[in-house]
Protein chains: 2
Amino acid sequence: MGTVSKALSLLSFFSRSRSLIGLSEMSRLAGMNKTTAHRMLTELQAAGFVEQANSSREYRLGPAFLRLAALREATVPMRDLAQSVVDELAAQTGETAHVSLLNGIMLSTIAYAYAHQHGLQVTMDDAEILPLHATSSGHAVLAFSDPAFAKNALEHTLEAYTASTLTDRKMLAAKMADVRTTGLAEAISAFETDVHTHAVPLFDARQACIGAVAIAAPAARMTPELREAIRAALLESGPRLTRLMGGFLPPSYTQREAAE
Amino acid sequence: MGTVSKALSLLSFFSRSRSLIGLSEMSRLAGMNKTTAHRMLTELQAAGFVEQANSSREYRLGPAFLRLAALREATVPMRDLAQSVVDELAAQTGETAHVSLLNGIMLSTIAYAYAHQHGLQVTMDDAEILPLHATSSGHAVLAFSDPAFAKNALEHTLEAYTASTLTDRKMLAAKMADVRTTGLAEAISAFETDVHTHAVPLFDARQACIGAVAIAAPAARMTPELREAIRAALLESGPRLTRLMGGFLPPSYTQREAAE
DNA sequence: TTCGTATGGTTCATTATTTGAACCGTTGGT
DNA sequence: ACCAACGGTTCAAATAATGAACCATACGAA
């Protein structure tokens, strides 16, 4: 891993719950010498990727991302497209829909929409990070990713978020096989209790899996009818969003469709 | 300049008009060896900062910025605040308002709003980049920035965008002195012909100038009354936005107010 | 076809940069 | 006054970045 990657990895320690990080803390988190962390933060700061907050000298994410994100959206309007699809899905199914993209070995949510017909809805956070092994989106991605990638991703510790989280690699492998045949991942209370989710994979122009579109409903509200409605909506919307974003479905996905 | 800065500088070659850049082209643009450019792009790609588009193997900005921008906004809701202020300003004055932040030696627009009362409006681009020497926002920033920074920023070639662009450093210095006394920069057809703009500076928590809020009107519509309305609106909104974003006005700005 | 010239990507000895222990000067708590 | 933690800096030693030359490929012209 080169110096640039190390420097950029510092950015991943910022999160919603830890938005300010001091020099010493950062060097500890990253397992780096303080000098190294300092020089890297200085360079990131020069680029506007981090900045030092107020009176405290702690660092936080910088303003450069606003411009770069806008520029990214101007060239590849993924978020806009994803937003329009989740808006539709939420309206169709009456449940919360979201699109997450692969970012390293985690998923980041780039768009979500609530249906406003029920008082009880699964809620989402901006920039929420989802683990691959514990979410239906993650299962959809793992099932259709390069096997080497999936293997590597599951090498990491598999945290049990709930009592139902799959942490056994054999059971996960069986689940993936199942997802591959149906083209759809389903998870109940895997990441958050009493949340029932479905997800389908998304692919890029090289037919590589890049994320998933998912629908999350309160487990209590799940009926066979709702389940069918969700599955039908996702099986239509997933491929459509893939095409909208300029992607192509791989044989591993389309052959399944033909077999059905 | 360290390796990290060099790698990050590659990102600045992407723009609205040049969203795809090949390896060779990038190495030429950055004045780097192809090997170096390639390794850096590979590392940026691993972080999701660039990605290779479609069938062509050219690079473009990656999806990581979506998440990081969302996270930045979650910690520092600058854009939201800026948006609310420009919305107000556009409604008040009937002209296009925008907020731009300093990014290196350029300004990037993070929020803008149109007034919908006239057919003719100055239009803005997302992620538009403004030069410091040729815009009223730039003049506002230069006038209230650290003199060393301003000097350095003006060392670069001063492109003449229109016949009225100030490209003479002495004239620019005089202009800056003027801006410092009034607290407000005014430019007519400096960046785009027939556009008359006013701008006031914005400051961060350390009292450093970080950008400007501006109003752009068609030159043909500018009357003494409109001019006064714009100036009054900006002189109220600028300091207010500074405070909203957690910043403080420096003595160089407040003393001017006291002197008036 | 053949040639010429682009392209993206790779190799490896040379070179320059990164690294880390120890160090300051401050700050905040006891 | 003390201690501990903070952000930040120094400099020899270790490591990573660099660039010329190199493939393989793709495209257009002759």
Side-chain angles (χ1 to χ4, degrees), chain A residues 1-14 18-62 75-76 146 148-149 204-208 246, chain B residues 1-14 18-62 75-76 146 148 204-208 246 248:
Chain A
M1 191 170 67
T3 313
V4 177
S5 299
K6 282 182 209 158
L8 297 183
S9 76
L10 295 186
L11 297 173
S12 66
F13 293 106
F14 291 101
R18 183 160 50 201
S19 60
L20 291 171
I21 305 181
L23 172 60
S24 298
E25 192 182 357
M26 183 63 92
S27 69
R28 253 180 278 116
L29 285 169
M32 286 174 179
N33 186 283
K34 223 169 24 156
T35 309
T36 309
H38 180 250
R39 191 166 29 75
M40 285 175 172
L41 284 169
T42 304
E43 295 206 59
L44 290 173
Q45 186 165 36
F49 281 32
V50 301
E51 67 178 10
Q52 286 181 287
N54 323 332
S55 43
S56 100
R57 288 178 296 181
E58 295 178 301
Y59 295 85
R60 66 180 176 202
L61 290 180
T75 49
V76 189
D146 176 43
F149 167 80
D204 68 9
R206 298 176 155 183
Q207 306 188 317
Chain B
M1 191 170 66
T3 313
V4 177
S5 299
K6 282 183 210 158
L8 296 183
S9 75
L10 296 186
L11 297 173
S12 66
F13 293 106
F14 291 101
R18 182 160 50 200
S19 60
L20 291 171
I21 306 183
L23 172 60
S24 298
E25 192 182 356
M26 182 63 93
S27 69
R28 255 180 276 114
L29 285 169
M32 286 172 178
N33 186 285
K34 221 170 24 157
T35 309
T36 308
H38 180 250
R39 190 168 27 74
M40 287 176 172
L41 285 169
T42 304
E43 296 206 61
L44 291 173
Q45 186 165 36
F49 281 32
V50 301
E51 67 178 9
Q52 286 180 288
N54 322 333
S55 43
S56 101
R57 287 177 297 181
E58 295 178 301
Y59 295 86
R60 65 180 177 202
L61 290 180
T75 49
V76 189
D146 176 43
D204 68 9
R206 298 178 155 180
Q207 307 188 317
F248 294 96

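Below, chains carry the letters A, B, ... as their sequence lines are ordered, and counting in each starts from 1. Note that this is a predicted model, so its numbers are computed, not measured.
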Rounded to whole angstrom units, what separation is found between the [atom1] atom of [X] and the [atom2] atom of [N]?
| X | N | atom1 | atom2 | answer |
| --- | --- | --- | --- | --- |
| A:His38 | C:dG20 | NE2 | P | 16 Å |
| B:Gln52 | C:dT7 | CD | P | 15 Å |
| A:Met40 | D:dT15 | CE | P | 15 Å |
| B:Met26 | C:dA6 | CE | C1' | 18 Å |
| A:Glu43 | C:dT18 | CD | C1' | 10 Å |
| A:Glu25 | D:dA4 | CD | P | 20 Å |
| B:Leu41 | D:dA17 | CG | C1' | 15 Å |
| B:Leu29 | C:dT7 | CG | P | 12 Å |

Can you check whether [X] has a side-chain N or O nearer than 4.0 Å to OP1 or OP2 of [N]?
| X | N | result |
| --- | --- | --- |
| A:Ser24 | D:dG7 | yes |
| B:Thr36 | D:dA17 | no |
| A:Tyr59 | D:dG8 | yes |

*Mind checking what makes side-chain hydrogen bond (donor to acceptor under 3.5 Å, both in side chains) contact with B:Ser5, not counting sequence neighbours?*
A:Glu43

*List for me each residue that meets side-chain hydrogen bond (donor to acceptor under 3.5 Å, both in side chains) alongside B:Thr35, sequence neighbours excluded, and say none if there are none.*
B:Asn33

*So which of residues 2-14 of chain B are in contact with DNA chain D, with a heavy-atom cut-off of under 4.0 Å?*
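Only B:Thr3, B:Lys6 qualify.
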
*List in chain and number order the residues that pass side-chain contact (heavy atoms from CB on, under 4.5 Å) with B:Ala30, two or more places apart in sequence or in another chain; answer none if no residue qualifies.*
B:Leu10, B:Phe13, B:Met32

Short heteroatom pairs, N/O only, protein and nucleotides 21-25 of chain C, under 3.5 Å:
| from | atom 1 | to | atom 2 | distance (Å) |
| --- | --- | --- | --- | --- |
| C:dA21 | N6 | A:Thr35 | OG1 | 2.6 |

*Any chance you could measure A:Thr42, atom OG1, to A:Tyr59, atom OH, to the nearest 0.5 Å?*
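Spacing of OG1 (A:Thr42) from OH (A:Tyr59) equals 5.0 Å.
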
*Describe, as an angle rounded to 10 degrees, how the axis at the first end of the helix from C:dT1-D:dA30 to C:dT30-D:dA1 is tilted relative to the axis at the last end, five pairs per end.*
50°

